[in-house]
Structure formats: C-alpha cells, structure tokens
Amino acid sequence: MKSVVTFVGAGPGASDLITVRGLKALEGADAVLYAGSLVDPALLQYCSSECICLDSAGMSLEEQIAFMCSHTKNGRRVVRLHTGDPSLYGATNEQIRLLKEQGIASCIVPGVSSVFGAAAALGCELTNPGICQSVVLTRMPGRTPMPEQEDSAAFARTGATLVFFLSASRMEELAQDLMARGGLAPDTPAAVVYRATWPDERVVRGSLATISNMAKEAGITRQALVLVGRALEEGDSVSHLYASEFSHGYRNHLASEDFEGRCALYAFGSKGCERAMDIASALALPVTVYMPSRHYDAVRHEHKGKCFYEVIPVEGVSRSLQENWNNVDAHIVIGAAGIAVRSIAPLIQNKTCDPAVIVCPERESVVIPLLAGPLGGANRLARRIARILGGIALTPTATDSAPIPAFY
Ligand code: SAH
C-alpha cells in the first residue's frame, strides 16, 4: 500500500465546521499532528482512543516530518490537521515536498477558511452586486516578505474587497497605507474579526479612519482578519455601520456595560501599571490611577501626551484605596484579590451604599467584580473592562444572570 499523509482543513474554529470528509479522516486516523494555536482540541474527540495526537506548535519542521514519516512507515494512518483551509498560509508545500523525498505521498482535504467564518460573522457577502465582484486574500509583509507587485495599495485601487491575514498587529500602518497610497476614502468600511466561529469570537466594525483604534481598544492584535471594502457596508446608512459596537461570545452582547461615575485604579507592579493605563485610557470615564512612585516615571514617559486622566504616584497604594473609599464610585484593583479584600474589609458596610470594587490580575484577562455587583454597577463595569482587555468578566450574582432587580 502506498504511504500517504492526509492534510485536512480543520475549519476556522468551531469543531462542527470541519467537512464530513475531514471528519472521517480524523475518525480513521492512528496519528494526528495538529496546529494547536488555531485548531480546536474538541476536534480530537473524533479520533479513536488509541490515536496519538500531537500539537505541532512547538515543533520544528524537521520534527514534524519525522513524526509523520515514522508513523506512516509503520503502516499507520496519519492526518496533518491545519487551521481553516490548508492552502492559505498553511506552509504545507514544504511539508509535502519533504514527505515526497521520503517516498510519502500527500492528499489534501479542503476546509472552511477563516475568511468565510469572518464573512459569516459579519453577515455579509464579500462580493456585493453593483459594488464589487472580487475578493483579494492577502497579508502585510512580516517575517515572510511580500512580492513587490503584491502591494496592498495596488490591490486597494482595484476596489475589490480586501481580506488581510496575519496582519492584525499592524492595523494602524495598514489603514494609513490604504488611505495614503491606496486612495481609499477614510470612510471606507473596515472590520476586524477575531477568532471567527470560536466561542470568544469578536467583531469590530468601523471605517479605515477608526478601525485601528477600535481594534486597539478591544485589545485585538492576533488571530484576527482585517476586512476592508464597500461590500461590508450595511444597509442604507454608513453612519449606522460606524456606530455599531462589537459583540463577543463570552458575554451576551445585550448585557449592559453602563457605568457612570468616578473610578480609581490601583496598580502595584510594573505590568499592573501598564495595564491600569490601558484600562484608564479606554474606559471613557473620569479616572484617577494610583501607582507606586517607583513606576510612575517610566509609565508616564511611555504614555506621554496620550494621557487624559490623572495619574498619582503614592507610597502606599492600598492606603490610597482606603482613603478614597467614599470619594469615588468604583475602585479597580489591578493585582491579587487578596490585596483588595484585605484593604476593603474594614470599610464594607452594605450593598446599598458600598462603592463598586473590581479586581483584575496583572496578566490574565479575567475581571472579577468583588463588591456591589448589581447595585453599585460593578458587574456592568467589569464587563466593560473585560471587553477592553479582550477577556471575560466573572459576574456570578444571580440577579445579573436573570433579568430581575437585586434584593436589598
Ligand atoms: N489556513 C488558515 C489561515 C492560516 S494563517 C485559513 O484558511 O483560515 C493564520 C491567520 O489566519 C491568523 O493570523 C489570522 O489572520 C487568520 N485566522 C485563522 N483563523 C482565524 C479565525 N478563526 N478568525 C480570524 N482569523 C483567523
């Protein structure tokens, strides 16, 4: 029997978006090498219990080939599972060539590319009759340079819908270039779709003039597609499109993020101070940031000129929280929950008058409303912060999950 490795497109994310043929290949596989960063491990549940599954994320090309060769040569059925469709930025050519050198053939099972997951999330045709009839799938140059003639500005001038892979970290440069050299108007519709079809999918819509800031505020720098073109225009009113916000799967997009009032942010470590500044700049509320004096200069310097809120260097950050207790509507602690709990414990009275208290770790993007969840607005504010960080708000209070008023 001829030795064959089957390259399978896993689809964009959701595990039921693999093709029937791809699914059968997984079910029959003895060994699966999968691209862990963007392939849902839930897909591996389709494999038999004896199947050996290995994430290729940390492996060199040589190690991947060695894995596939050894199993294939031992008569095992090997599947190489790629995200989306293997033919787009899948680096499959080099694998197929090296396998061939070892006498191993390859066959390819196509998959649903993330571009189609993104179009579905946007709920639009990428080819819109009367507006544009072509789609360009491209990328910004990265470690892989772009051939000169495949200049994004040149593609822009064709009026086609443009879809940029692997480019979300360079949105500002991209948008500027499409306007400056590509001649696209600042109000050209643009969208960023993060992790299309995954549970934490997010869609940010805007225009070329606004999209990079909007994506930045949403904390999206990777695992996203950038789409640009008039085909994305919704209905009859462009301003309606621009006004629309974004939704994501972790939170019901109807769940309120309303919060009015003064906030104080408290940061302790250098990472926390950076994070506090990011949150403060995106909250669109009156904010004061308290941080240790030793981090103040570095952070101030970094945010120079961009900072339109107050930053106060202090010696004892927890003490500032206590002193401020009744002066603001929300206290947001960037650090350990223990620090927050110990600082506020002696001050807590009851839910009708306590201010909102929210904790957010320095690194992970989980936001925990500790106090005054429903009544003080901590749950709603936590959601807003979670959106800014691209994370989740843990809002476990019963009144928050059911549409009923909080009990006093
Ligand atoms: N073969 C894949 C693309 C692999 S390149 C496909 O057909 O979709 C990896 C890039 O694809 C990411 O940097 C991102 O730009 C995009 N991407 C992959 N999956 C995505 C998803 N679910 N949502 C948004 N973008 C995705």
Side-chain angles (χ1 to χ4, degrees), residues 6-19 21-22 33-43 55-57 61 64 79-96 106 108-124 126 135-146 150 152 155 161-175 178 190-206 211-212 214-216 218-228 232 246-250 390:
T6 308
F7 285 75
V8 175
S15 58
D16 56 354
L17 283 175
I18 192 168
T19 63
R21 190 183 296 183
L33 187 61
Y34 65 98
S37 57
L38 273 166
V39 166
D40 188 349
L43 276 170
D55 182 355
S56 61
L61 175 63
Q64 295 175 26
V79 164
R80 176 72 172 108
L81 193 56
H82 274 276
T83 169
D85 183 82
S87 70
L88 292 172
Y89 308 107
T92 49
N93 274 353
E94 61 219 64
Q95 300 175 58
I96 290 170
S106 302
I108 300 174
V109 179
V112 178
S113 169
S114 59
V115 57
F116 304 120
L122 288 167
C124 72
L126 300 179
V135 181
V136 176
L137 307 182
T138 184
R139 62 169 297 176
M140 294 276 278
R143 271 178 301 179
T144 311
M146 285 296 282
E150 290 180 37
S152 51
F155 289 136
T161 302
L162 307 179
V163 181
F164 292 90
F165 288 72
L166 299 156
S167 306
S169 62
R170 298 176 62 190
M171 295 245 338
E172 192 169 346
E173 192 187 336
L174 172 62
L178 292 177
V192 177
V193 182
Y194 170 77
R195 287 170 65 83
T197 80
W198 288 79
D200 54 347
E201 169 187 289
R202 270 185 284 160
V203 175
V204 179
R205 291 172 182 274
I211 195 70
S212 68
M214 292 174 79
K216 197 165 163 197
I220 301 175
T221 53
R222 51 197 278 276
Q223 300 196 343
L225 290 173
V226 184
L227 297 95
V228 178
L232 310 183
F246 65 89
S247 61
H248 65 79
Y250 277 135

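Each ligand, and each atom within it, is numbered from 1 in the order the structure gives. All values below were derived from every heavy atom in this structure, side-chain atoms included, with hydrogens, water molecules and symmetry-related copies excluded.
Between R139 and M146, the shortest heavy-atom distance links the atoms O-CE, 3.4 Å. When all heavy atoms of E201 and V203 are compared, the closest pair comes out as OE2-CG2, 4.2 Å.
Between F7 and H82, the two ring planes are parallel [angle under 30°; tilted spans 30° to 60°].
Shown are V204, D200, L225, T221; of these, the side chain to side chain contact (heavy atoms under 4.5 Å, CB included) with Y194 is made only by D200.
In this structure, the side chains of L137 and V135 come closer than 4.5 Å at one or more pairs of heavy atoms.
Taking a heavy-atom cut-off of under 4.0 Å, ligand 1 is surrounded by P12, L38, T83, G84, D85, L88, Y89, S113, S114, F165, L166, V193, R195, A196, W198, Q223, A224, L225.
Contacts of F116 classified as ring pair (Phe, Tyr, Trp, His ring centres under 6.0 Å), with partners at least two apart in sequence or in another chain: none.
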